[in-house]
There are 2 protein chains.
Amino acid sequence: MGLTKTEIFTDEQNRLAVMLKALAHPARIAILQQIINANACICGDLSIELGLAQATISQHLKELKTAGLIQGTIEGVSVCYCIEPKNWEMLKQQLNSFLNLVDVKANCC
Amino acid sequence: MGLTKTEIFTDEQNRLAVMLKALAHPARIAILQQIINANACICGDLSIELGLAQATISQHLKELKTAGLIQGTIEGVSVCYCIEPKNWEMLKQQLNSFLNLVDVKANCC
DNA sequence: ACTATTAATCGTAATATTGCGATATAATAA
DNA sequence: TTATTATATCGCAATATTACGATTAATAGT
């Protein structure tokens, strides 16, 4: 096979998985941290600062954008990327309610 | 290529990415939810409840275990899986401090 | 010892991801 | 118009992931 059976899971499970997948790469975590610190939100700058080829960074940015975690604004020749606040907040909430399901003291085994 | 360049990222970025990768699949999210609700922490039960083959569930459980998110205790013929509280708490903290970096009102573009 | 029962592992096919060089596209500047 | 600059996309090779049937291993019950 090699294809996730999304149809047997709930929309919420699938949505959360998509967001987490976008986060689940050190390069994309690093990109987001850079964007948040606002030292660099331009593809070329990120490429230099992280030490990955421009094409690679562009691809990671696309994935983050597709997942809805960032948005891009055209600024002349370059594009300024920043966090998409609504979805970021949504992810935060969904993740929190998921992670807080665990009752640390009551473990089954 | 096809190989993540882990050496150019920090240990923290890599560790977080590994944990998130383990979470980033609807089947594994579903498995964790089932384990947390304690209706089923046995591989066979999960297989029936989720509608995935036993081999598939076992593989997902292994990934969750390797990432440190769950632990397994042998109980006769079967194995009882439950959340690994320490790492779960660690993930919660690391994710929180990462997600809270964003200042919603101050966006760069 | 024999037989269920349960889980792990092996092997395999289909597909996805990662990274990069090369090229294409789009917008400003001269 | 022609360069220049910045980003996106294409095409590729190497590797990883996903799912499952079949097999193996380990324990429990008879």
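In what follows, every heavy atom counts, from backbone to side chain, and hydrogens, waters and symmetry copies are set aside. Chain naming here is simple, since letters A, B, ... match the order of the sequence lines and numbering starts at 1 in each. Remember, it's a predicted structure, so these values are computed and weren't measured experimentally.
- Listed by chain and residue number, nothing satisfies the side chain to side chain donor-acceptor pair (under 3.5 Å) test with B:Asn96 (two or more places apart in sequence, or in another chain).
- A continuous path of hydrophobic side-chain contacts links A:Ile36 to A:Leu46 [ILVMFWY only; heavy atoms under 4.5 Å].
- Looking at residues 55-66 of chain B, you'll see B:Ala55, B:Thr56, B:Gln59, B:His60, B:Glu63 sit with a heavy atom under 4.0 Å from some atom of DNA chain D.
- Phosphate contact (OP1/OP2 of D:dT17, side-chain N/O of B:Lys21, threshold under 4.0 Å): present.
- Not counting sequence neighbours, the partners of B:Lys86 by the side-chain contact (heavy atoms from CB on, under 4.5 Å) test are B:Glu84.
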Review point. Once each nucleotide of nucleotides 24-30 of chain C is scored for protein heavy atoms under 4.0 Å, what B/S/- sequence comes out, 5' to 3'?
Key: ---SS--
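- Residues passing the side-chain contact (heavy atoms from CB on, under 4.5 Å) test with B:Thr73, sequence neighbours excluded: A:Cys109.
- Atom C1' of nucleotide D:dT18 and atom CZ of A:Phe9 are separated by 11 Å, given to the nearest angstrom.
- Counting distance only, with no hydrogens placed and no angle test, the side-chain atoms of A:Gln54 and the base atoms of D:dA6 include no donor-acceptor pair under 3.5 Å.
- Listed nucleotides C:dA7, C:dT15, D:dC20 differ in distance to B:Ile42; the shortest reach to its side chain belongs to C:dA7.
- Contact between the side-chain N/O atoms of B:His25 and the OP1/OP2 oxygens of D:dA19 is found at a separation under 4.0 Å.
- For B:Leu52 and D:dT17, the CG to P distance is 18 Å, given to the nearest whole Å.
- Side-chain atoms of B:Thr66 come within 3.5 Å of backbone atoms of B:Lys62 as a donor-acceptor pair (strictly under, hydrogens ignored).
- For A:Ile8, the CD1 atom counts as densely surrounded, since its 6.0 Å shell holds more than 12 non-hydrogen atoms of other residues, nucleotides or ligands.
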Point to revise | CA sep, side-chain torsions, deciding dist, call: A:Leu23, A:Arg28, side chain to side chain contact (heavy atoms under 4.5 Å, CB included) | key: CA-CA 6 Å; A:Leu23 274 187; A:Arg28 293 196 286 272; over 6 Å; no
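- Between the CG atom of B:Leu50 and the C1' atom of D:dT18 there is a distance of 15 Å, given to the nearest Å.
- Rounded to an integer number of Å, the gap from CG of A:Leu46 to P of D:dA6 is 13 Å.
- Phosphate proximity of D:dA6 to A:Tyr81: absent, as no side-chain N or O sits under 4.0 Å from OP1 or OP2.
- Of the possible polar contacts, one joining the B:Gln13 side chain to the B:Thr10 backbone as a donor-acceptor pair under 3.5 Å is found.
- Remark: B:Glu12 engages no residue in a salt bridge (Lys or Arg N to Asp or Glu O under 4.0 Å) (not counting sequence neighbours).
- Distance, B:Leu20 CG to C:dT17 P: 16 Å, rounded to whole Å.
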